[in-house]
Amino acid sequence: MCGVFGIFGHEEAANLTYLGLHALQHRGQESAGIVASDGHVLKSHRAMGLVADTFTAEVLERLPGKAAIGQVRYSTAGGSHIRNAQPFLVSFAGGQLAVAHNGNFVNADATRKGLEQGGAIFQSDADTENVIHFIARSKANTFEGRVVDALRHLDGAFSMVFLNDGQLIAVRDAIGFRPLVLGRLKNAYVVASETTALDLIEAEFLRELEPGEVLVIDADGLKSSFPLEKRPPGRCVFELVYFARPDSRVFGQSVFEVRKNLGRQLAKEQPTEADVVIAVPDSGVPAAIGYAEQSGIRYDLGLIRSHYVGRTFIEPQQSIRHFGVKLKLAPVVSTLAGKRVVVVDDSIVRGTTSRKIVKMLRASGAKEVHLRISSPPTAWPCFYGIDTPSRQELIAASHTVEEIAKYVTADSLGYLSLKGLHTAAGDPEGRSFCSACFSGKYPTPLAS
Ligand code: AMP
């Protein structure tokens with residue numbers, strides 16, 4: 001998962017990209033990067049870590065120009081290493097080129113092998129680098145033509161931004177897995193993974209890019225085309241469940257409202273007698289509010305999340321029980337003691353966090369703990385840009401709901417149904433969504 005941002009036609013392109021990336025930080029915390037163009041030369045800064053730690057005023061001053069793209073990264077394909085930090089900036093026969101990618105190419109291994117056999121030397125292990133090699137090899141005589149040529153070799157999820165000395169090109173794959181929106185700030189155009197990035201820089205939201213759209217932004221304005229083969233839609237439903245920020249509008253809907261709906265639907269499908277509804281913050285909060293509203297059970301703060309957990313921490317020699325989760329979440333005893341508690345989270349992946357949370361709630365005096373999950377069991381890995389573990393590590397791939405309840409030590413466990421998820425997300429048949437992580441029905445062929 002990653003966040004991408006691009007701006008064309010603004011004096012402060014790099015500074016605004018920095019802010020845009022800051023708003024997209026939830027989409028990736030491993031590395032951050034910006035490439036800016038002054039119309040002649042493209043300059044880059046990439047580093048491991050958070051946007052606010054990576055970019056200083058001095059660094060941003062070294063990125064002049066009216067156009068810029070940026071990325072925050074969370075590795076799916078390719079390890080967590082500076083060589084995989086984006087945007088990638090290269091020089092080739094057609095000049096300089098930068099690219100930032102959110103998504104995953106499903107045929108990247110095979111195409112990379114072909115490129116390497118043809119003499120290509122790769123500098124990273126990220127799937128994104130394939131595009132650059134295909135662009136360099138393209139016989140098309142425009143930047144747009146080269147980008148389209150390159151994308152025709154690749155399949156999977158891609159919301160991407162490309163930059164050269166005169167154009168910014170934004171593309172969204174024909175299935176439309178990942179979001180990408182277009183906005184306007186005075187005379188500049190802005191593209192971003194989520195509307196929250198537009199809001200921060202006070203850009204006006206214009207529209208979402210369509211699946212399969214190639215949008216060229218240059219001195220002449222906007223030019224949109226649909227050169228990629230048309231495919232049935234497959235918008236990632238997990239963006240609405242977990243990934244996107246709740247204040248964003250994604251796929252035309254308020255993420256917060258969808259998540260509250262998921263909670264309401266969950267309360268209808270998985271009711272229970274209880275005294276209080278609490279959320280696992282932050283991801284479970286909107287659904288918990290919806291659950292409380294629908295069930296009539298009071299919502300309260302039962303867990304407080306620390307927002308200051310660093311990347312490394314020192315554990316005292318005398319080991320503290322559930323240390324990792326305790327650093328992140330602290331129980332509010334006055335909410336929990338003696339109560340029958342419904343605790344709402346958005347998903348269970350391996351089950352290890354849920355188990356620790358349930359134990360923590362009991363240790364704080366909760367009389368009963370009923371775990372409610374605002375999505376169906378996550379039983380299938382994602383190949384489209386969300387970092388999920390292998391199928392073996394997904395607890396729901398090999399355990400029934402009863403077995404998972406036992407493992408996490410909850411008095412009861414209830415998941416939202418797939419039909420309920422689609423209904424609450426506004427498409428009861430789910431035809432416009434990719435729900436492969438819940439259903440195993442992948443909308444593209446997968447590399448074997
Ligand atoms: P686990 O202990 O593996 O079951 O972790 C479950 C928690 O991870 C839930 O609170 C989710 O909000 C969160 N989560 C779900 N998907 C992801 C993901 N792809 N990356 C990071 N966290 C996730």
Side-chain angles (χ1 to χ4, degrees), residues 1-3 24-30 72-77 80 102-104 157 177-178 193 236-246 255 258-259 262-263 266 278-288 291 302-307 309 311 322-331 342-361 369 371-399 401 403-410 413-416 421 434-438:
M1 228 31 247
C2 300
L24 298 172
Q25 186 79 80
H26 61 286
R27 296 183 72 87
Q29 300 91 41
E30 285 180 13
V72 283
R73 179 162 191 270
Y74 159 52
S75 57
T76 47
S80 177
N102 171 207
N104 241 45
F177 287 102
R178 302 277 145 236
S193 292
C236 169
V237 79
F238 203 62
E239 291 273 353
L240 295 172
V241 169
Y242 169 77
F243 217 85
R245 232 170 79 157
V255 174
V258 170
R259 286 188 193 160
L262 300 178
L266 182 61
I278 67 163
V280 177
D282 295 327
S283 56
V285 172
Y291 192 102
L303 290 165
I304 304 296
R305 175 167 176 175
S306 164
H307 292 102
V309 183
R311 289 158 71 81
H322 313 309
F323 180 71
V325 87
K326 268 188 187 154
L327 271 186
K328 210 165 157 186
L329 295 171
V342 178
V343 54
V344 181
D345 202 358
D346 66 281
S347 57
I348 298 179
V349 182
R350 294 181 175 86
T352 47
T353 311
S354 305
R355 181 179 161 92
K356 287 175 183 167
I357 289 170
V358 173
K359 291 190 169 188
M360 182 189 270
L361 298 176
V369 180
L371 181 59
R372 293 294 178 269
I373 303 297
S374 63
S375 65
T378 307
W380 300 89
C382 178
F383 299 103
Y384 307 119
I386 289 195
D387 184 29
T388 40
S390 67
R391 188 150 154 75
Q392 288 78 349
E393 290 168 272
L394 294 170
I395 191 168
S398 52
H399 295 79
V401 174
E403 286 167 347
I404 299 170
K406 205 162 164 205
Y407 173 72
V408 300
T409 74
L413 167 64
Y415 285 93
L416 185 62
L421 167 61
C434 171
S435 311
C437 51
F438 306 123

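In each ligand, atom 1 is the first atom listed, and ligand 1 is the first ligand listed.
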Asks: Is the ring pair His26/Phe243 parallel, tilted or perpendicular, if the boundaries are 30 and 60 degrees?
Replies: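 Ring orientation, 0 to 90° scale: tilted.
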Asks: Side chain, backbone, both or neither: which part of Val349 has a heavy atom under 4.0 Å from ligand 1?
Replies: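 It is both backbone and side chain that touch ligand 1.
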Asks: For ligand 1 and Val280, I'd like to know whether there is a polar contact (N/O to N/O, distance under 3.5 Å).
Replies: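 No - when backbone and side-chain N and O of Val280 are compared with those of ligand 1, no distance drops under 3.5 Å.
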Asks: What atoms in ligand 1 come closer than 4.0 Å to a heavy atom of Asp345?
Replies: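 Reading through ligand 1 atom by atom, the close ones are 9 (C), 10 (O), 12 (O).
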Asks: Taking heavy atoms and a distance under 4.0 Å, where does Asp346 meet ligand 1: side chain, backbone, both or neither?
Replies: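 Near ligand 1, Asp346 shows its side chain, while the N, CA, C and O stay back.
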Asks: Counting heavy atoms only, which part of Phe238 comes closer than 4.0 Å to ligand 1: side chain, backbone, both or neither?
Replies: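 The answer is the side chain.
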Asks: Is Arg355 close enough and on-axis enough to Tyr407, meaning under 6.0 Å and within 45°, for cation-pi?
Replies: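 Satisfied, under 6.0 Å and within 45°.
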Asks: Should you measure from each heavy atom of Ile386, which atoms of ligand 1 turn up under 4.0 Å away?
Replies: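 In order of numbering, the contacting atoms are 19 (N).
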Asks: In Å and rounded to the nearest 0.5 Å, what is the CG to SG distance from Leu394 to Cys437?
Replies: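 Atom-to-atom, Leu394:CG and Cys437:SG are 9.5 Å apart.
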Asks: What is the closest protein heavy atom to atom 22 (N) of ligand 1, and at what distance does it sit?
Replies: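 Its nearest protein heavy-atom neighbour is Tyr242 OH, 3.0 Å.
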Asks: Say whether, by atom type as modelled, one donor and one acceptor occur between the side chain of Asn104 and the main chain of Ala157 under 3.5 angstrom.
Replies: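 No, the answer is negative, given that no donor and acceptor are paired below the 3.5 Å cut-off.
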Asks: Without swapping roles, check the side chain of Arg259 against the backbone of Leu240 for a donor-acceptor pair under 3.5 Å.
Replies: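 It does hold such a pair.
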Asks: Counting non-hydrogen protein atoms only, what is the nearest one to atom 19 (N) of ligand 1? Give residue, atom name and distance.
Replies: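 The answer is Asp387 O, 3.1 Å.
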Asks: Should the heavy atoms of other residues, nucleotides or ligands under 6.0 Å from NZ of Lys326 be counted, would the total exceed 12?
Replies: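 Above 12, so yes.
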Asks: Just which atoms of ligand 1 are under 4.0 Å from any heavy atom in Arg350?
Replies: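 Atoms satisfying the 4.0 Å criterion: 1 (P), 3 (O), 4 (O).
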Asks: Are the side chains of Ile278 and Leu361 in contact, using a 4.5 Å heavy-atom criterion?
Replies: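 In short, these two side chains touch, coming nearer than 4.5 Å.
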Asks: Taking only heavy atoms of Ser283 into account, list the atoms of ligand 1 that are under 4.0 Å away from them.
Replies: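 The list of qualifying atoms is 12 (O).
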Asks: Among all protein heavy atoms, pick the one closest to atom 7 (C) of ligand 1 and tell me residue, atom and distance.
Replies: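 Closest protein heavy atom to atom 7 (C) of ligand 1: Ser347 O, 4.1 Å.
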Asks: Hey, does the side chain of Ser374 reach the backbone of Leu262 with a donor-acceptor pair shorter than 3.5 angstrom?
Replies: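 Not at all, since once roles are kept as given, no pair shorter than 3.5 Å links the two residues.
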Asks: Which protein non-hydrogen atom lies closest to atom 5 (O) of ligand 1, naming both residue and atom, and how far is it?
Replies: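 Result: Thr353 OG1, 3.4 Å.
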Asks: Once rounded to the nearest 0.5 Å, what's the spacing between atom CG of Asp282 and atom OH of Tyr242?
Replies: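 Going from CG on Asp282 over to OH on Tyr242, the span is 9.5 Å.
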Asks: Can you sort out which atoms of ligand 1 are near Ile348, meaning under 4.0 Å from one of its heavy atoms?
Replies: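 Close to Ile348: 4 (O).
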Asks: If you have a sec, work out which protein heavy atom is nearest atom 20 (N) of ligand 1 and how many Å separate them, to one decimal?
Replies: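 The protein heavy atom lying closest is Tyr74 OH, 2.8 Å.
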